[in-house]
Amino acid sequence: MLDETKTPKRGDTRERLLAIAEEAVLAKGFAGTSIDELIAAAGITKSGFFYHFKDKAELAKALLLRYLDHDRQVLDDLFNRADELNEDPLHGFLVGLKLFAEMMANMTEVHPGCLAASFVYQDQLFNREVRDLNAEGILRWRRRFRERLDLIAKSYPPREGVDLDALADMAATLIEGALILSRALRDPKIPSQQIMLYRDFVRCVFTR
């Protein structure tokens, strides 16, 4: 969901293939991405591709694992930095969201989109393992944000009637929606603006 993927060094053929494939899938979907175009872009032979991935299904799994791991690393880095800056659970979370918004605001181009969302839209193309892996990635976002919200609630009781699971899910739904709007309107500022609005809403939920 998050920041731009760095282009790997030419020596790492597998990683280079994954980066090329991710860019292609985000641009035109998994079904519209062929093995032939990937090997042409990577400058390798077809046997070179099959050395790394036995088929397109294995490529899909590797793509998703790579994407979800990158997602986790970005969020870990942002919120670990926030924790170092502020020990208070609410203010630390707000700092983390501000860092998140700043990261998105620093993107000079429209975000290419979310690979996990792309896989959801085309889930009939994938086996159960890939679909379950994608669902687990979404649940990971819920657990991450719910854990944060539970810590905050111990010191700052939320407003009555607020469902913390729904508030945790709001982070993922907001980001996905913001990426769609940003791409449709060609406006890279939208994700950062939406994160800041979520930040304001969270503050209102836990303060009087």
Side-chain angles (χ1 to χ4, degrees), residues 1-81 99-100 102-144 171-172 175-176 178-180 182-184 186 188 191-192:
M1 288 185 190
L2 306 178
D3 64 348
E4 295 173 297
T5 301
K6 302 281 192 300
T7 301
K9 296 178 180 178
R10 289 197 60 83
D12 191 347
T13 304
R14 187 177 191 276
E15 181 63 19
R16 190 153 44 91
L17 273 169
L18 288 170
I20 292 167
E22 181 176 319
E23 183 178 355
V25 170
L26 288 173
K28 56 189 176 181
F30 192 76
T33 300
S34 71
I35 291 175
D36 285 341
E37 72 175 278
L38 297 180
I39 63 176
I44 62 173
T45 64
K46 186 166 286 190
S47 62
F49 175 90
F50 289 114
Y51 173 79
H52 295 285
F53 309 104
K54 68 178 182 180
D55 53 26
K56 206 174 174 187
E58 189 171 288
L59 172 67
K61 180 181 176 181
L63 273 173
L64 189 55
L65 283 170
R66 174 179 178 271
Y67 194 83
L68 294 177
D69 185 58
H70 176 69
D71 214 34
R72 177 189 57 76
Q73 289 178 17
V74 170
L75 289 176
D76 281 350
D77 288 346
L78 288 173
F79 287 99
N80 287 341
R81 284 170 55 202
L99 293 173
F100 192 178
E102 289 176 352
M103 181 192 77
M104 300 301 284
N106 286 335
M107 295 186 65
T108 57
E109 302 291 336
V110 171
H111 193 286
C114 174
L115 190 76
S118 175
F119 275 34
V120 169
Y121 299 145
Q122 301 183 70
D123 65 350
Q124 71 279 4
L125 299 175
F126 306 110
N127 59 30
R128 173 60 65 87
E129 183 181 16
V130 170
R131 293 197 299 269
D132 288 349
L133 183 63
N134 206 4
E136 175 56 28
I138 294 169
L139 290 173
R140 189 187 299 167
W141 268 67
R142 174 186 289 176
R143 289 193 296 268
R144 173 189 292 274
I175 291 298
E176 294 296 351
L179 294 180
I180 291 171
S182 177
R183 189 164 177 175
R186 309 304 301 170
S192 177

Output the distance between atom [atom1] ([X]) and atom [atom2] ([Y]), rounded to the nearest 0.5 Å.
X	Y	atom1	atom2	answer
D55	F53	CG	CZ	10.5 Å
E58	F50	CD	CZ	10.5 Å
H52	R16	NE2	CZ	8.5 Å
L75	L99	CG	CG	11.5 Å
F126	D132	CZ	CG	13.5 Å
S192	M103	OG	CE	9.5 Å

Got Y67 and F119 here, is their nearest side-chain heavy-atom distance under 4.5 Å?
no
In the structure I gave you, are the side-chain heavy atoms of I44 and L17 within less than 4.5 Å of one another anywhere?
yes
Does a sphere of radius 6.0 Å around CD in E23 hold more than 12 heavy atoms from other residues, nucleotides or ligands, not counting ones at 6.0 Å or beyond?
no
Would you say R81 has more than 12 foreign heavy atoms packed within less than 6.0 Å of its CZ?
no
Quick test of your reading of the model: are [X] and [Y] salt-bridged, counting only N-O distances below 4.0 Å?
X	Y	answer
D36	K46	yes
E136	R142	no
R72	D76	yes

Within the distance-only criterion (no hydrogens, no angle test), does the side chain of [X] pair as donor or acceptor with the backbone N or O of [Y] below 3.5 angstrom?
X	Y	result
N134	V130	no
R183	P112	yes
R186	V110	no

Give me the atom names and distance for the closest heavy-atom approach of [X] to [Y].
X	Y	value
L64	A116	CD1-CA, 4.3 Å
L38	T33	CD2-CG2, 3.8 Å
C114	L26	C-CD2, 3.7 Å
E176	A117	OE1-CB, 3.5 Å

Would Y51 and R14 count as a side chain to side chain contact (heavy atoms under 4.5 Å, CB included) here? Give the steps.
CA-CA 9 Å; Y51 173 79; R14 187 177 191 276; over 6 Å; no
Determine whether M104 and L179 satisfy the following criterion, side chain to side chain contact (heavy atoms under 4.5 Å, CB included), listing intermediate values before the conclusion.
CA-CA 10 Å; M104 300 301 284; L179 294 180; 4.1 Å; yes
side-chain hydrogen bond (donor to acceptor under 3.5 Å, both in side chains) for E102 and N106? Distances and angles first, verdict last.
CA-CA 6 Å; E102 289 176 352; N106 286 335; over 6 Å; no
Go through the steps for E37 and K28 under the test salt bridge (charged side-chain N to carboxylate O under 4.0 Å, His left out), then give the verdict.
CA-CA 12 Å; E37 72 175 278; K28 56 189 176 181; 2.9 Å; yes
For a side chain to side chain contact (heavy atoms under 4.5 Å, CB included) check, start with the C-alpha distance between R66 and E22, then their side-chain angles and the critical distance, and finish with the verdict.
CA-CA 10 Å; R66 174 179 178 271; E22 181 176 319; 2.6 Å; yes
Can you list the steps and then say if R140 with D71 is a side chain to side chain contact (heavy atoms under 4.5 Å, CB included)?
CA-CA 10 Å; R140 189 187 299 167; D71 214 34; 5.8 Å; no
Measure the acute angle between the ring planes of W141 and F100, then classify it against the limits of 30° and 60° as parallel, tilted or perpendicular.
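Rings of W141 and F100: tilted, as their planes differ by 30° to 60°.
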Hey, does the Lys NZ or Arg CZ of K54 hover above the aromatic six-ring of F49, less than 6.0 Å from the centre and inside 45° of the axis?
no
Would you please name every residue forming a side-chain contact (heavy atoms from CB on, under 4.5 Å) with E129, sequence neighbours left out?
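E129 satisfies side-chain contact (heavy atoms from CB on, under 4.5 Å) with K61, N127 once adjacent residues are dropped.
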